[in-house]
Amino acid sequence: MSNTLKVRPKTGVHVRKEDGTLMPSEGCDVPNNTYYRRRLRDGDLVAIEQKKGKS
């Protein structure tokens with residue numbers, strides 16, 4: 001399990017990060033913890049697919 005998640009708010013939804021600031025609409029990396037996993041489960045956040053680099 002990764003220590004971070006790359007997420008963005010669902011379109012039209014304003015989501016506060018754990019520190020109380022608004023999450024940018026383009027998304028950001030956040031800790032993989034219960035707060036953000038709950039936001040994902042509830043549909044407030046959308047996971048951003050990590051693009052694989054060339055091997």
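Residue numbers run from 1 in the order of the sequence given.
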*When clusters are formed by joining ILVMFWY residues with side-chain heavy atoms under 4.5 Å apart, either directly or through shared neighbours, do V46 and V13 land in the same one?*
no
*Roughly how far apart are D29 CG and N3 CG, rounded to 0.5 Å?*
11.5 Å
*So among L22, L45, D42, which one has a side-chain contact (heavy atoms from CB on, under 4.5 Å) with V15?*
L45
_N/O donor-acceptor pair under 3.5 Å between R37 side chain and N32 backbone_ = yes
_For the residue pair R39 and Y35, would you count it as a cation-pi contact if the rule is NZ or CZ under 6.0 angstrom from the ring centre and within 45 degrees of the ring axis?_
yes
*Considering all heavy atoms of both residues, which atom of P9 and which atom of P24 are nearest to each other, and what is their separation?*
CD-O, 3.4 Å
_Which heavy atom of M23 sits nearest to which heavy atom of C28, and what is that distance?_
CG-SG, 4.0 Å
*Is any NZ, NE, NH1 or NH2 atom of the basic residue among K10 and D44 found under 4.0 Å from an Asp or Glu carboxylate oxygen of the other?*
no
*Take atom CD of E26 as the centre, draw a 6.0 Å sphere, and report whether it contains more than 12 heavy atoms from other residues, nucleotides or ligands.*
yes
*Rounded to the nearest 0.5 Å, what separation is found between the CG atom of N33 and the OG1 atom of T4?*
11.0 Å
*Okay, side chain of Y36, backbone of E18: is any donor-acceptor separation there less than 3.5 Å?*
yes
